[in-house]
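Worksheet: the structure to be examined is printed underneath.
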Amino acid sequence: MVCGLAAGVAALHWVGAAVVVWVLLSLAICGAEACTPARGRLDWGTRALVSAAGAGVVMALAQPHPALLGVLVAAGMVVHVLGDWLTPAGVPLAWPLCHRGRRWWMWRSPVAFKTGDCWQETAVRWACWSGTPLVAALTVT
């Protein structure tokens, strides 16, 4: 939530908004690349240039509202934590607090599944990829 607030505040100026969009596009490219056979073939410079070009297009066509960027960053972080919670490793949700005498207590879902090449991850990946054009169309209009 703090990162979402920081992204929203940074996006109050167009330069900050461009940086937030650039970072989000860079993370999206890294995530998309990890799901393809070309994993690890792009160097950081190529990712940075492609992300900068994408951020330039977004900022030129329709500069996003600062609140929208903040909400997107916060929602992405919450979804990421929930995704980690669904794995056998779990997440340290109670990290700053003591739980049963321990500070580092991993919380796990009762329906956890392994990551990697499994049908659950493939189903989630295809659901996300199929919803991307709809979300993009709704965002632009």
Side-chain angles (χ1 to χ4, degrees), residues 1-100 102-141:
M1 297 296 177
V2 173
C3 290
L5 180 63
V9 170
L12 289 173
H13 192 272
W14 72 269
V15 175
V19 170
V20 171
V21 171
W22 175 73
V23 168
L24 292 177
L25 287 174
S26 297
L27 291 172
I29 290 171
C30 288
E33 183 188 9
C35 296
T36 64
R39 186 177 317 180
R41 291 194 185 158
L42 290 177
D43 62 346
W44 69 269
T46 305
R47 285 189 202 112
L49 288 175
V50 171
S51 300
V57 168
V58 167
M59 297 304 289
L61 293 180
Q63 183 174 347
H65 192 276
L68 176 65
L69 285 177
V71 167
L72 289 175
V73 170
M77 294 179 76
V78 168
V79 168
H80 183 95
V81 168
L82 288 175
D84 285 348
W85 178 68
L86 288 170
T87 65
V91 292
L93 289 180
W95 169 70
L97 307 172
C98 283
H99 178 71
R100 296 186 185 171
R102 296 169 57 185
R103 280 208 184 273
W104 197 263
W105 185 269
M106 302 303 281
W107 297 83
R108 293 170 188 83
S109 167
V111 291
F113 59 89
K114 294 185 181 194
T115 59
D117 199 15
C118 61
W119 70 269
Q120 296 98 332
E121 189 171 348
T122 303
V124 169
R125 184 180 305 132
W126 278 103
C128 291
W129 279 109
S130 62
T132 299
L134 175 65
V135 171
L138 291 173
T139 303
V140 172
T141 56

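- Qualifying side chain to side chain donor-acceptor pair (under 3.5 Å) partners for His13, counting only residues two or more places apart in sequence or in other chains: none.
- When only modelled atom types and interatomic distance are considered, Asp84 and Thr87 share no side-chain donor-acceptor pair under 3.5 Å.
- Applying the side chain to side chain contact (heavy atoms under 4.5 Å, CB included) criterion to Val71, with sequence neighbours excluded, gives no partner residue.
- Across every non-hydrogen atom of Val91 and Val81, the tightest pair is CG1-O, 3.7 Å.
- Rounding to the nearest 0.5 Å places OG of Ser109 at 4.0 Å from CH2 of Trp85.
- Going from atom CG of Leu69 over to atom CD of Gln63 covers 8.5 Å, rounded to the nearest 0.5 Å.
- The nearest pair of heavy atoms linking Ala55 to Leu25 is N-CD1, 3.3 Å.
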